[in-house]
Amino acid sequence: MVSMLASYLTLAAVLFCIGLYGVLTKRNAVVVLLSIELMLNAVNLNLIAFSRYGIAPSLKGQVFALFSMTVAAAEAAVGIAVLIALYRNRATVNVDEFDELRR
Amino acid sequence: MITTLTWSDSWYLAPEIVLAAFTIALAVLDLALPRRVGRDVIGWGALVGLVLAGVFVCWHIHDLNVWKDAGKDAFRNVLGGSWRVDNFGNLLKLAFLGATALIVLASLGTVRDREVPIKGEFYYLILPAVIGAMAMSSSGDMLTMYVGMELLSITTYVLVAVRKKSGQSAEAAFKYVVTGGTASAFVLYGMSFLYGVTGTTHLASIGQALPGALADYRAMIYVAFFLMIVGFALKLALAPFHAWAPDVYQGAPTPVTAFLAVVAKGAAMAMVYRIFLNTAQFATGDDSQVRDDLFLALGVLAAAAMIVGIAGALKQQNAKRLLALSGVANAGILLVPLSLDLTNLHSSLFSEFVYYLAAYVLMNIGALAVLTLVSRSSGHEQLSAFAGLYHRAPWTAAAMTALLCSLAGLPITAGFYGKLYILFATVQTGEYWLAAILLGTTVVSYYVYFSFIRQMYMRGGENEPSVRMTIPTGVVIWVCAAGSVALGIFPKPVLDWVDGLFSLTTDFLAR
Amino acid sequence: MEKYANQYVIVAVFLILGIVFPIVVLQLGRILRPSKPTPEKETTYESGNDPVGDSQIRFNVRYYLYALMFVVFDVETVFLYPWAVAYKQLGLFALAEMFLFVGLLLIGLIYAWRKKVLQWNSI
Amino acid sequence: MLEDIPVLSLIVWLPLLGAVVTLLMPKQNARLLRWTAIVFSVVPLVLGLLLFASYEPILGGGAYAEHGTWLSVPLNAEAWSASQGVTSYRLVFNYLLGIDGISLPLVLLTGIVSTMSALATVHIHKRWKTFYPLFLLLQTGMYGVFLARDVVLFFIFFELTLLPMFFLIGIWGYFGKEKAANRFLLYNGLGSAVMLLGFLILIATLGFSATQTAGGVELVYSGSYDTMLANLADPNAAANAGGAMFLSGNLRWAAFILLLIAFGIKLPFFPFHTWMLKVHTEAPPSVVMIHSGILLKMGVYGLIRFVALLFPGQIDSWAPVLATLGVINILYGAILACAQKEFKLVLAYSSISHMGIVLLGIASLNETGFEGAIYQAVSHGLISALLFLIVGSLYERTGTTRLDELGGLARSLPFTSGILLTAGLASLGLPGLSGFIGEFLSFLGLFDTWKWLTAIGVLGVLFAAVYVLRGVLAMIHGPMQEKWIGLKEARFIEALPMVALTALIVLLGVYPSLLTDLMQHGFDGLLKELQTRVGG
Amino acid sequence: MDRYFNSPVSWGHVGIFALEAIAALAVVIVFVTYAIYFERKVIGWMQFRIGPNRTGPLGLLQTVADVAKLLLKEDTIPARADKALFILAPALAFVPSFLVLAIIPYGLHLPFADLNVGFLYYIALSGVTTIAIVVAGWASNNKYALLGGMRSAAQMISYEVPLVMSIVGVTMMTGSLNLREVVLHQTGYFWHWNFIPQILGFAVFVVAAVSELNRTPFDLPEAESELVAGYHVEYSGFRFAFFMLSEYIYMYAIACLATILFLGGWNPPFPQLDFIPGLIWFALKFAVIVFFLFWIRATLPRLRVDQLMGMAWKVLLPLAILNIFLTALGIEWWG
């Protein structure tokens with residue numbers, strides 16, 4: 001069972017890293033939002049794996065995952081809404097062009 | 001066993017329930033009111049809700065005091081310990097509620113259609129954000145904390161984007177969503193490991209389980225905490241994770257900027273304090289390696305934030321970005337007390353934190369309120385908008401001077417004492433390097449903040465339009481300025497009060 | 001717990017069959033059916049007119065708004081289910097809580113309604 | 001009679017009261033504002049003189065100490081109370097004012113120079129209602145610095161001088177005023193930051209005291225200077241006994257160096273002096289009078305009070321370093337002063353040079369030297385105040401202070417030129433004037449220990465003759481320039497401070513024991529400590 | 001059946017389950033074949049026509065012939081289409097529809113996958129088909145198809161919300177999401193069936209379900225009169241057949257679900273009648289539902305698109321929420 005845990009954790013870590021990579025490098029704003037979801041899903045995987053095969057298995061992980069899914073959905077909703085507003089202003093979803101706020 | 005909410009629990013949740021009820025009522029009111037009716041009434045409603053919630057918090061404080069006098073524990077676990085009513089939470093809640101009330105009041109005077117086109121939303125979305133902040137400071141469980149954090153984050157995403165027609169606002173909001181989402185992912189990822197190691201999300205239980213787990217799962221514990229640190233650093237805009245802050249603060253409507261700078265930051269800080277004191281403080285005795293590393297990391301982050309924040313602010317010409325970067329530095333300062341060893345000598349970290357937070361609330365909100373006024377009369381938010389403010393509005397200039405002195409940490413202001421206590425703690429615990437950095441950045445910050453003063457007093461401004469003051473904004477500015485000075489001249493009552501209420505053993509060690 | 005895995009074995013079997021079936025049938029069809037492509041046949045059908053422009057255009061914003069509504073409401077219902085399953089064991093206070101929860105949802109709906117999000121004005 | 005009133009507090013807070021009063025006055029009435037400021041500057045001076053009259057050196061000024069707990073900040077005591085029956089664990093900021101032979105001369109100096117400077121504010125032509133409150137606030141800060149006997153209080157007053165100075169330079173200064181103000185703020189801010197770190201180390205180690213009360217043990221951290229001295233002397237104090245609050249050798253060195261740098265910036269030392277040049281050239285004359293006359297002396301005072309008196313061991317081993325620094329200051333200042341074309345800069349560099357002499361006095365580590373240092377500080381305060389007063393009054397008439405543009409002023413302005421010459425002579429250390437006594441005492445002190453350095457230092461004093469005479473003579477003699485013919489002689493309100501200051505300079509020059517008597521016992525403790533060190 | 005579930009997993013089980021799945025596939029294909037036939041017949045009768053009657057006795061082989069035709073028909077892929085997605089879409093539509101069948105219990109001892117999540121499983125998988133439809137519309141690179149696909153997506157997600165919510169009442173009464181337990185809870189006389197206490201939920205369920213099936217009067221995505229054929233306008237041959245197949249499988253699944261959730265599953269209307277096998281009762285109720293679906297197709301006109309969307313959000317959703325409230329109150333009142 002420990003090996004099961006390890007494989008889930010590895011998968012989650014890989015997903016998380018892909019997500020992070022996407023957030024940092026992707027130019028399309030929608031893809032960036034997708035990448036964040038990917039990271040959150042990696043976490044959910046982690047939580048559920050721990051709740052089943054963890055050192056001290058308990059249901060709390062699943063509950064946590066449920067909440068995190070909801071929250072992720074809300075976040076995605078707001079993210080998309082903001083992106084729509086931004087698109088209406090700029091007519092692009094390329095994050096490189098979001099540079100009106102200068103330092 | 002299923003633990004459900006009971007009627008008696010709802011008493012402990014009264015402040016949050018009140019706010020939620022007001023949110024709903026105001027939202028409905030906003031929908032029901034015809035278009036031509038001004039939305040100020042909703043703002044006043046929000047203010048009433050905040051005050052009412054504050055009254056309930058005070059009531060709780062009173063209750064806790066009564067229990068304490070009766071020899072009972074001065075805290076209550078609600079909902080199976082996922083919610084704690086203790087004075088750590090209560091004091092921070094008061095700070096958040098007060099700050100939000102000031103922001104709402106200030107915006108009642110200044111919010112124009114150009115600034116926030118849908119004012120109703122602005123007023124009633126700020127309330128759930130406060131609920132989130134309160135949840136973050138009052139939870140005993142990572143799950144509740146996380147939900148609170150997201151409640152705060154998501155509402156603030158919307159608030160930042162509330163100027164629908166403005167590309168800047170939307171751009172800021174998008175950046176905020178991306179960093180905020182990434183930050184939550186990091187925090188959550190860290191939490192998931194912590195949960196995996198201990199099998200629980202309840203902070204106190206984690207604290208109990210961790211010493212046992214430490215032997216076998218050391219690496220995972222490191223991973224958990226460092227992921228969380230990264231996440232929180234992103235949330236708090238600590239350097240080197242602060243790049244988003246100036247953009248977001250600049251793009252957001254000024255009242256929202258104030259909210260982000262003060263309440264969002266304070267709440268995240270509260271969460272950091274709770275999590276780290278409840279869990280990471282565990283490894284006393286033989287194996288303090290993990291703890292030392294973690295707190296060192298926090299110290300390094302704090303130092304980096306102070307340095308980078310002030311260095312970035314040095315060349316900043318946009319007043320809002322400047323204040324954002326100063327916020328980065330101030331977040332660093334707020335983190336310092338936590339990063340210090342909790343020893344016999346130094347055990348007043350909470351007083352230090354909360355005092356500086358109060359100071360920060362006052363000075364930042366005050367400064368941003370002045371900025372709103374000034375930028376409205378000048379039409380832009382550059383530093384030069386302040387040119388000759390002394391001639392245009394001498395009293396406002398004077399208030400701003402007091403606020404800036406507090407920001408810079410000059411005596412005798414709240415900012416000065418806040419820094420002094422924290423400095424004293426660093427010296428007490430022998431972290432001289434941190435003290436040196438804190439002092440060094442303070443000196444540089446003189447230059448930064450005095451650039452406002454130079455503009456106000458030493459540049460001509462006779463030709464600029466005069467500044468139109470509204471009563472609510474004026475009240476806020478003067479409350480903040482007077483509060484900054486008063487806290488500086490009489491810090492004792494506040495600190496005595498905080499010290500009397502807060503107790504490390506009850507608030508963090510009692511299960 | 002181990003035995004419960006059986007249920008998912010069934011699901012897996014259905015999944016495999018569900019994937020295999022179209023592949024097999026389409027391959028079978030390839031053997032049986034004629035294939036005489038001409039450019040005429042491969043034009044896009046637009047009621048006999050020559051197609052103008054690309055059809056892979058951006059979706060109307062309206063669709064995103066519905067997607068948003070869906071995400072919000074559908075995910076909220078996820079919370080209704082655990083409550084519904086355990087409802088009989090929870091007692092009256094849970095009812096009040098859910099009234100609150102669903103009430104909030106309703107207010108969200110009313111909000112969207114008032115803000116004319118539900119007004120479909122696209123094709 | 002003086003014992004019955006809180007005379008020290010009055011001295012400190014009366015100017016602040018004056019600031020409030022001026023704030024309530026009408027904006028346009030410059031004369032009313034000015035006279036109010038003068039009155040509120042004179043009253044502390046009078047109180048100071050009363051103190052001076054009734055001061056008995058042997059008591060060490062103990063009669064005039066004022067004690068009070070200003071802030072008592074609770075520290076979370078749970079960790080301790082659990083084990084050791086602690087009932088109260090606090091960080092206390094005391095309101096401690098005191099006066100002794102070291103501070104009294106400087107308080108008097110502050111009074112005199114402030115009053116004179118208040119008279120000289122006739123040169124201020126705009127925004128009086130902002131000027132005078134700041135001016136008076138500055139005085140509160142300066143008195144506080146010299147009277148505070150608690151390090152935090154000292155620090156607060158020290159910082160309190162920063163803000164008004166920033167405004168005074170930045171608003172009423174000349175062309176480069178903003179830059180000068182910035183530089184002033186940054187350097188002094190840096191100095192005060194370094195100082196605060198040093199002080200905090202002191203509080204955390206030396207400021208700790210535990211008292212057994214009826215209820216239990218009361219633990220207190222405070223910045224009280226007397227507690228620190230007591231803890232230093234007591235071998236059983238926590239600071240000397242090891243443990244968490246042990247003032248280790250390294251820590252001692254760290255605090256020593258931090259404070260040295262802090263006050264060295266104010267003094268200023270050679271590499272930290274650039275801010276001062278700007279201030280001297282850009283600030284309005286009445287402000288420079290205060291700056292050069294008093295603010296620099298805060299550095300001297302701090303060096304003696306906190307560096308020398310608290311760290312005898314360290315200063316003992318670093319005396320050569322200090323002496324070397326002093327000699328560098330003297331020579332550097334003197335040589336550069338010779339090369340300047342701007343009279344204000346000549347004066348600025350001469351200040352650096354003179355402060356070098358103060359350093360020498362301190363480095364000598366004997367009573368004569370210390371007395372010389374303070375004497376030199378007071379005398380330089382008076383002289384430079386006088387010089388800048390004259391500079392201000394000349395600038396108002398001619399619009400320049402460049403040496404090559406001025407000349408032959410003696411003919412149109414005989415009185416002013418006469419005073420200028422006197423002041424110049426005092427500055428170069430002519431016997432019979434106060435400058436001589438200070439230099440003489442300092443060198444005399446140093447001569448006991450560092451003969452060669454003394455010799456080099458004296459060389460610097462010779463340079464002084466060159467640059468002072470070059471500067472002064474270029475202005476009052478030389479070819480008469482046409483445009484300066486019709487200049488009006490100094491008004492009464494300008495002449496009054498000139499005469500007063502000149503009189504004081506002469507008085508101190510001929511009657512030095514006026515001040516030296518005061519200082520007699522100020523260094524007893526330090527000297528005893530040094531003696532034991534040298535002996536043991 | 002039960003004993004397989006109560007023993008550990010082995011390859012033997014997999015084999016048996018595979019046979020089961022193939023059986024299900026066979027049943028479904030037969031059902032679809034004759035459902036189409038039946039539908040045409042029913043509609044014909046209702047419109048005073050005869051319906052298919054040439055191929056085979058009574059036209060019984062009509063659909064078989066149609067399927068054979070589709071299998072033999074040339075498969076064209078438009079030159080401008082996105083080929084990979086175009087090919088993927090029909091399979092993507094079919095797989096979840098088939099997977100859904102894994103959980104439907106036809107009788108007490110004939111359950112397939114007896115999952116605790118039950119109904120949620122259906123919702124989750126049927127959502128995937130929406131993606132397939134959007135993909136089909138997008139990949140075709142045809143304006144009709146794109147509009148059809150987008151409309152279909154909007155419609156399906158809109159109606160999914162009331163659909164899901166309408167089941168909450170049933171879940172509350174049962175205390176479980178497990179479909180078998182839902183049926184067991186309805187044992188007894190027919191007034192114990194959910195459709196009476198949950199009449200509101202049932203109504204919402206039926207309307208939303210019909211819409212989810214993209215059937216008239218909610219067949220906007222393929223509205224022949226405006227969009228030619230909607231998202232599958234470019235599909236021909238067996239790829240087209242797969243869209244039709246999955247649509248009919250969903251019909252089958254929804255009818256089964258309606259039977260299980262609201263009509264007491266395999267329970268007889270009166271306990272006295274339990275000598276008749278449960279499977280028969282199930283089939284009867286199922287047939288009624290299917291007939292009902294054909295019936296409304298024959299009688300109701302198509303809605304306008306704004307009416308369609310408005311109905312989901314402004315009528316069905318509030319009703320579904322109301323149903324939840326009423327159910328909760330009802331349970332409080334009457335236990």
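The basis for the numbers below is simple: all heavy atoms, side chains too, and nothing from hydrogens, waters or symmetry mates. Because the structure is predicted, anything quoted here is derived from the model rather than measured. Numbers restart at 1 for each chain; the letters A, B, ... are given by sequence-line order, proteins then strands.
When heavy atoms are compared at a cutoff of 4.5 Å, A/V71 approaches chain B by way of both its backbone and its side chain. For a residue to count as touching a neighbouring chain, one of its non-hydrogen atoms must lie under 4.5 Å from one of that chain's; by this rule B/M149 does not touch chain A. Residue A/A81: no heavy atom, backbone or side chain, is found under 4.5 Å from chain B. When heavy atoms are compared at a cutoff of 4.5 Å, B/A161 approaches chain A solely by way of its side chain, counted from C-beta outward. For B/Y176, no part lies near chain A; criterion is any non-hydrogen pair under 4.5 Å. Heavy-atom distances place the side chain of B/D141, and not its backbone, under 4.5 Å from chain A. Heavy atoms closer than 4.5 Å to chain A are found in both the backbone and the side chain of B/M142. Neither the backbone nor the side chain of B/S153 comes within less than 4.5 Å of any heavy atom in chain A. Looking at A/A13, the atoms closer than 4.5 Å to chain B (heavy atoms on both sides) sit in the backbone and in the side chain alike. Only the side chain of A/L33 has a heavy atom closer than 4.5 Å to any heavy atom of chain B.
Taking the six-membered ring where tryptophan is involved, the planes of A/F16 and B/Y189 are essentially parallel, since the angle between them stays under 30° and well short of 60°.
The residue among B/V177, B/I154, B/N318, B/L325 with the most heavy atom pairs within less than 4.5 Å of chain A is B/I154. Of the listed residues (A/N46, A/T70, A/V63), the greatest number of heavy-atom pairs within a distance under 4.5 Å of chain B belongs to A/N46.
Within 6.0 Å of OH on B/Y222 lie more than 12 heavy atoms contributed by other residues, nucleotides or ligands.
Between the CG atom of A/L40 and the CD atom of B/E150 there is a distance of 7.5 Å, given to the nearest 0.5 Å. The structure places OG of B/S192 at 8.0 Å from CG of A/L9, a figure rounded to the nearest 0.5 Å.
Residues A/E75 and B/Y157 form a side-chain contact, since some pair of their non-hydrogen atoms from C-beta on lies under 4.5 Å apart. Proximity of B/V197 to A/F50: side-chain heavy atoms (C-beta onward) are nowhere separated by under 4.5 Å. Taking 4.5 Å as the limit, every side-chain heavy atom of A/V82 sits out of range of all side-chain heavy atoms of B/E171. Counting heavy atoms from C-beta on, the side chains of A/M39 and B/T182 come closer than 4.5 Å.
Side chains of A/S51 and B/Y195: no donor on one and acceptor on the other come within 3.5 Å.
Contact between B/L188 and A/V43 at its shortest, heavy atoms only, is CG-CG1, 3.4 Å.
The backbone N or O of B/G199 sits less than 3.5 Å from a side-chain atom of A/S58, completing a donor-acceptor pair.
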